[in-house]
Amino acid sequence: MSIFLLLMGSAAFGGLLFFLTPKQGAAAWLVATVLLAGVVIISAFRFKRNRKQGSNPAALLLLLGTVLSVWLVALVLAIGNLLLYEVEEYMTENTKLTAAQKLDYVQHIAKGKQAEIDLENLEKTQKAGMTFYSAKGSDSAEVIEEIVASTKKLQREYNLLLGGKTDAPVSVILYSGELEMPQRESIQQQYNGFYNQQEQTIHLPMPLGKSVWAHEYMHHQFLNIADERGIYGTEIPEWFSEGLAVAISEKGHSVSYTDLRDTEYVEFQDLEQYGEWENRLNPPTNPYFQSGSFVRYVLEREGDQFVSKVFKEMERSSFQESFLQATGKTVDEYEAAFIKDFAEIPVLWEQAHRMEVGKGDHVEALALFLEIEAIMPTLELVNHRIANLYMETGHYEKAVSYRKTEVALAIAEERPTLPDAYGYLAGSLLFTDVSSAIGAAEQAVAASLEETSGWHKGTVEELEELEMGIASGRHFDAYLSLLSGEYVIGNGLYNPNLQINLIEKVLLEYPDNNSPARFKLIAMKQRLETEMENH
């Protein structure tokens, strides 16, 4: 009977706690304490009154033991209820829990190790000092080779950046098929990838997303080097740890102008803890983008050695003090400058767009876009717009430089627009070096799918005809043919002003010639100028 009462009392109190906050749970425990104390007092009184009638003291002791057990279990359950809220607040900043959420926690705890991945039932592959796990029958060989091939290069880069290295082992768990990627509680979506420092495991979904391995491997290197230097992970703000992983794993990539324009800013003092971070993952806030942009902003101004300086200083002082020693500015001062620039870019962009498209003032538009580039050199499309405006204003060598940056970004990001980027480069090189223009056009063909390569092949043919015409001394005929063609004009030079600029360049480069083609070029130039005036 006592065991039954113990189980029933504990179950009743535990069930009640599913619907109570920590304060309410504490109050319920106090009420239970009073009630149990009342049971003890009444039982003791009855035992004393009936003692002469031969009452069994063992029964009283058993009752007292049962009451004490129920009281202790209730205390443990009340404390457990409090801890559930503490864990939830730390993980997601959520201060409210439903009964269903509490039940999920309890079920997870009850399952214990069974809730974790059973590595014994997964396929195991050891390569390059790493252990890979994947579901049996899954085709993970290609992903493993991809990871191994990139790791040595990443390790060298990260060791140099962080000013140290670690030999900490790492295991990689690849999710596909029956092995499902865990869900991120704060946004109810599967993780794109995550690192567990306690278990030294990197968890990745297949197919492997772009830059995901580089991002998670940075966490492994960063946190283990910090640990080996006596720096606790909790001393490093979440925004810095994640921002560094974003900035370095996406090095050479462009910054999204849309994200920059639409992201609502969060002060970094509100992104220092894990829960603060997790609680702001839904739009319009985007802590990954914001923190990555900020770290990149600092790296562009301080150089890559900035990170190792912070790390070195943190061996004897706080992160805030280390940041100050490494940069000469506090985090707040750097953040204020970043916020100002962060907010100014969309304003400058709209002004530049109005100048270029609305007023046709290419010089002023160029000046504004160059201001934007000085703030954020890798901002999406800024290199393209600057190259266009340098072409419009006749600065072809500068335009080529920005076109090459545009190509490099497209390669790094594996953009489907890479063939077009090469096409624009070919159009700009036409004004400086025809042979190089042909090379860029051939790269456009190589980067294209077979079914979409026709236009770029046509561009190559027209440029080769131009080169042969120039070599044979038929300069004006060759350029006249090109300007009357279909592909080069359609692929970037479908612009009267650029066509006029090309004709002027040709006339200036070859001044003494009375061929009919020269006069036809002059007539074409006059016609294009008239069209522009009428437009």
Side-chain angles (χ1 to χ4, degrees), residues 125-134 139-175 191-197 200-229 236 240-255 288 291-293 295-296 298-300 302-312 377-378 404-415 418 421 443 446-447:
T125 305
Q126 290 184 315
K127 209 157 196 179
M130 294 180 285
T131 305
F132 296 86
Y133 295 93
S134 58
D139 186 12
S140 58
E142 188 175 337
V143 173
I144 291 173
E145 289 299 329
E146 182 183 340
I147 289 172
V148 169
S150 65
T151 299
K152 277 192 176 180
K153 179 173 178 287
L154 290 176
Q155 206 169 37
R156 286 195 299 270
E157 290 178 2
Y158 294 172
N159 290 348
L160 186 62
L161 179 76
L162 301 172
K165 61 181 180 178
T166 178
D167 295 322
V170 64
S171 295
V172 183
I173 301 174
L174 302 170
Y175 292 80
Y191 282 93
N192 293 325
F194 66 92
Y195 174 64
N196 186 320
Q197 186 183 12
Q200 299 285 50
T201 54
I202 293 176
H203 301 249
L204 303 171
M206 293 199 299
L208 190 60
K210 185 168 53 181
S211 302
V212 173
W213 168 250
H215 182 111
E216 303 306 336
Y217 191 63
M218 166 56 79
H219 282 314
H220 173 69
Q221 291 281 313
F222 179 71
L223 293 173
N224 278 286
I225 290 174
D227 185 61
E228 290 164 14
R229 293 181 175 185
I236 305 169
F240 184 72
S241 178
E242 290 292 354
L244 182 63
V246 171
I248 301 305
S249 66
E250 297 181 4
K251 192 173 185 179
H253 292 200
S254 59
V255 175
Y288 280 105
S291 299
S293 297
V295 172
R296 187 179 299 186
V298 177
L299 287 169
E300 285 167 353
E302 303 295 332
D304 287 352
Q305 70 276 8
F306 147 73
V307 181
S308 59
K309 286 181 180 177
V310 170
F311 244 14
K312 188 173 180 61
T378 56
K404 288 180 177 178
T405 300
E406 188 179 359
V407 167
L409 288 170
I411 292 172
E413 297 172 9
E414 299 176 7
R415 290 186 201 165
L418 177 59
Q443 292 275 31

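These numbers come from a predicted model, not from an experiment.
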(message) Checking T166 against E228: is there a side-chain donor and acceptor pair closer than 3.5 Å?
(response)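 A donor-acceptor contact under 3.5 Å links the two side chains.
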(request) Could you please spell out the steps behind the ring-ring contact (aromatic ring centres under 6.0 Å, His included) verdict for F222 and F311? (result) CA-CA 10 Å; F222 179 71; F311 244 14; 5.0 Å; yes
(request) Assess whether side-chain contact (heavy atoms from CB on, under 4.5 Å) is satisfied between N224 and V170, documenting all intermediate values. (result) CA-CA 10 Å; N224 278 286; V170 64; over 6 Å; no
Spell out, as yes or no, whether a donor-acceptor pair under 3.5 Å connects the side chain of [X] to the backbone of [Y].
X    : Y    : answer
D227 : L223 : no
H253 : A412 : yes
S150 : I147 : yes
Y158 : A214 : yes

Over all heavy atoms of both residues, which pair between [X] and [Y] is shortest? Give the atoms and the distance, please.
X    : Y    : result
V148 : A128 : CG1-CB, 3.8 Å
L174 : S140 : CD1-CB, 3.8 Å
L409 : S254 : CD2-N, 3.7 Å
G243 : V295 : C-CG2, 3.6 Å
Q200 : A168 : NE2-CB, 3.5 Å
G193 : E216 : O-OE2, 3.1 Å

Determine whether [X] and [Y] make a side-chain contact, defined as any pair of heavy atoms from C-beta on separated by less than 4.5 Å.
X    : Y    : result
K152 : R156 : yes
L299 : V307 : yes
L418 : Q443 : no
K251 : D304 : yes

What is the distance from atom [atom1] of [X] to atom [atom2] of [Y], rounded to the nearest 0.5 Å?
X    : Y    : atom1 : atom2 : value
F132 : I202 : CZ    : CD1   : 9.0 Å
S308 : I225 : OG    : CD1   : 10.5 Å
R229 : K312 : CZ    : NZ    : 7.5 Å

(request) Mind running side-chain contact (heavy atoms from CB on, under 4.5 Å) on L154 and W213 for me, showing each step along the way? (result) CA-CA 10 Å; L154 290 176; W213 168 250; 3.6 Å; yes
(request) Show your working on side-chain contact (heavy atoms from CB on, under 4.5 Å) between E300 and T378 and close with a plain yes or no. (result) CA-CA 10 Å; E300 285 167 353; T378 56; 4.2 Å; yes
(message) Which residue in the set Y191, Y175, Y195 passes side chain to side chain donor-acceptor pair (under 3.5 Å) when paired with H203?
(response)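 In the set Y191, Y175, Y195, the residue that makes a side chain to side chain donor-acceptor pair (under 3.5 Å) with H203 is Y175.
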(message) So if I apply the side chain to side chain donor-acceptor pair (under 3.5 Å) rule between H215 and each of K210, E242, E250, which one comes out positive?
(response)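 Single side chain to side chain donor-acceptor pair (under 3.5 Å) partner of H215 among K210, E242, E250: E242.
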(request) Kindly indicate, with the supporting measurements, whether the criterion side-chain contact (heavy atoms from CB on, under 4.5 Å) is fulfilled by V212 and L204. (result) CA-CA 8 Å; V212 173; L204 303 171; 3.5 Å; yes
